[in-house]
Trainee: 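First the structure, which I've put down as structure tokens, then a few questions once you've had a look.
Heavy atoms only: backbone and side chains are in, while hydrogens, waters and symmetry mates are out.
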Amino acid sequence: MSVDRLTLPVVTWSDLYPSAKLVSAHLEWSHQYDALAADLGGRLGPDWLIEHVGSTSVPGLAAKPVIDMAIRIPAGVRLTDAVDSFTMAGWTVPRELGDHAASFPLVDGRRAAIAHIFAADQWTEAHVRLFSAWLRAHLVDRDRYGILKTDLVLAGAWEDGRYTAAKGQFVLEIVNCARETMGLPPLTRPL
């Protein structure tokens, strides 16, 4: 019997994340980040910077229960040289994700965390860092973002992958506010 076509299961955006789409803020998220950062940082070495970002880094903000981390590659180091450190720690091989790379530890095939990996020259302007820092310092914007995320989940945007895309304009607005305070020009592309 010959196989003319290989049929693979369809993996949706929703399948990549835990079934709990949006949960109230948890104090344990900072402890989960600490454990992930200590383990991965210990493998990468002291020259790599690791920072808690994303909604789980913002006190009082509902989030998908996935820890986001920003990681800065040391100047003069190539990400390809660190692939073994990621995989030995249980993370996927880093891959391109927009203007940076990303890696994920998987639990039952779902993402438990996301490492957003930036080159040294990208670090000060890394949008995930700017966005999270802004929300931690500006509670009105934090609450606006929480309402937006809740409305998107209630509208079913999670199931078809529109969730992240639909947040893009808000994220761009906030990142540009942060960039303006740093004297940087605004970005025009969606994030």
Side-chain angles (χ1 to χ4, degrees), residues 13 16-17 20-34 36-37 41 48-75 79 94-104 111 113-158 160-191:
W13 186 87
L16 297 174
Y17 291 96
K21 295 165 183 59
L22 200 60
V23 298
S24 298
H26 285 276
L27 293 176
E28 71 187 50
W29 287 339
S30 64
H31 301 298
Q32 290 172 349
Y33 160 77
D34 289 341
L36 288 165
W48 291 70
L49 295 181
I50 303 177
E51 182 178 305
H52 192 183
V53 296
S55 295
T56 60
S57 75
V58 181
L61 182 60
K64 63 182 177 287
V66 174
I67 305 299
D68 283 276
M69 304 183 335
I71 299 178
R72 189 203 73 183
I73 303 168
L79 179 57
R95 63 177 178 84
E96 286 189 32
L97 181 68
D99 66 348
H100 63 286
S103 179
F104 314 91
R111 295 173 178 172
I114 303 171
H116 300 273
I117 308 162
F118 295 91
D121 63 345
Q122 294 176 294
W123 187 249
T124 58
E125 297 180 29
H127 64 278
V128 296
R129 295 182 67 236
L130 298 179
F131 184 70
S132 301
W134 185 273
L135 293 183
R136 286 190 295 270
H138 299 87
L139 300 184
V140 170
D141 289 331
R142 177 203 65 187
D143 293 345
R144 286 177 48 221
Y145 188 51
I147 290 167
L148 172 64
K149 293 191 323 173
T150 300
D151 289 349
L152 288 170
V153 168
L154 291 174
W158 186 274
D160 61 13
R162 290 180 297 128
Y163 179 78
T164 297
K167 296 184 307 179
Q169 189 58 43
F170 182 86
V171 173
L172 182 63
E173 171 194 333
I174 296 302
V175 167
N176 280 335
C177 287
R179 289 177 64 84
E180 182 179 7
T181 65
M182 297 170 68
L184 298 170
L187 299 176
T188 57
R189 60 176 169 70
L191 299 171

Trainee: Write down the atom of Trp134, the atom of Ile174, and the distance for their closest heavy-atom approach.
Mentor: CD1-CG2, 3.3 Å
Trainee: At their closest point, which heavy atom of Val66 faces which heavy atom of Ile114, and how far apart are they?
Mentor: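 Here Val66 and Ile114 meet closest at CG1-CG1, 3.9 Å.
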Trainee: With a 4.5 Å limit on heavy-atom distance, are the side chains of Trp29 and Ser55 in contact?
Mentor: no
Trainee: Please tell me whether His116 and His127 form a close aromatic pair, meaning their ring centres lie under 6.0 Å apart.
Mentor: no
Trainee: Is the side chain of Arg129 donor-acceptor paired with the backbone N or O of Trp123 at a distance under 3.5 Å, no angle test?
Mentor: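 It does hold such a pair.
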Trainee: Give a yes or no on whether the backbone of Leu187 and the side-chain of Asn176 come within a donor-acceptor separation of less than 3.5 Å.
Mentor: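 Checked: pair present.
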Trainee: Find the distance between NZ (Lys149) and OG1 (Thr164) and round it off to the nearest 0.5 Å.
Mentor: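 So the gap between those two atoms works out to 10.0 Å.
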Trainee: Looking at CD1 of Ile73 and CG of Leu49, how far apart are the two atoms once the value is rounded to the nearest 0.5 Å?
Mentor: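 Going from CD1 on Ile73 over to CG on Leu49, the span is 11.5 Å.
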Trainee: More than 12 foreign heavy atoms under 6.0 Å from CD of Glu28: is that the case here?
Mentor: yes
Trainee: Just verifying a value: how many Å separate Arg179 CZ and Phe131 CZ, rounded to the nearest 0.5 Å?
Mentor: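 CZ of Phe131 is found 15.0 Å from CZ of Arg179.
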Trainee: For Phe118, run the side-chain contact (heavy atoms from CB on, under 4.5 Å) check against Ile71, Leu79, Asp99 and tell me which one passes.
Mentor: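 Result: among Ile71, Leu79, Asp99, Asp99 is the only option passing the side-chain contact (heavy atoms from CB on, under 4.5 Å) with Phe118.
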Trainee: At their closest point, which heavy atom of Ala113 faces which heavy atom of Leu36, and how far apart are they?
Mentor: CB-CD1, 3.7 Å
Trainee: Do you know which two heavy atoms are closest between Leu130 and Thr124, and how far apart they sit?
Mentor: CD2-O, 3.7 Å
Trainee: What are the two closest heavy atoms between Arg189 and Leu172, and how far apart are they?
Mentor: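 So the two residues come closest at O-CD1, 3.3 Å.
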Trainee: Using a 6.0 Å cut-off, check whether atom CD of Glu180 has over 12 heavy atoms from anything other than its own residue.
Mentor: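 No, CD of Glu180 has 12 or fewer neighbouring heavy atoms, counting only those of other groups under 6.0 Å.
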Trainee: Do the side chains of Ser103 and Ile117 get nearer than 4.5 Å, heavy atoms only?
Mentor: yes
Trainee: Pair Arg111, Lys64 - check side chain to side chain contact (heavy atoms under 4.5 Å, CB included), show working.
Mentor: CA-CA 11 Å; Arg111 295 173 178 172; Lys64 63 182 177 287; over 6 Å; no
Trainee: Ring-plane angle category for Phe170 and Tyr145, please: parallel below 30°, perpendicular beyond 60°, tilted otherwise.
Mentor: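 Parallel.
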Trainee: If you take all heavy atoms of Arg136 and Pro59, which pair is closest and at what distance?
Mentor: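 Result for this residue pair: CG-CD, 4.1 Å.
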Trainee: When rounded to the nearest 0.5 angstrom, what is the spacing between CD1 in Ile50 and CG in Asp34?
Mentor: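 Between Ile50 CD1 and Asp34 CG, I get 11.0 Å after rounding to 0.5 Å.
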Trainee: Side chains of Ile67 and His52: closer than 4.5 Å at any heavy-atom pair?
Mentor: yes
Trainee: If you define the side chain from C-beta out and look only at heavy atoms, does anything of Leu135 sit under 4.5 Å from Leu61?
Mentor: yes
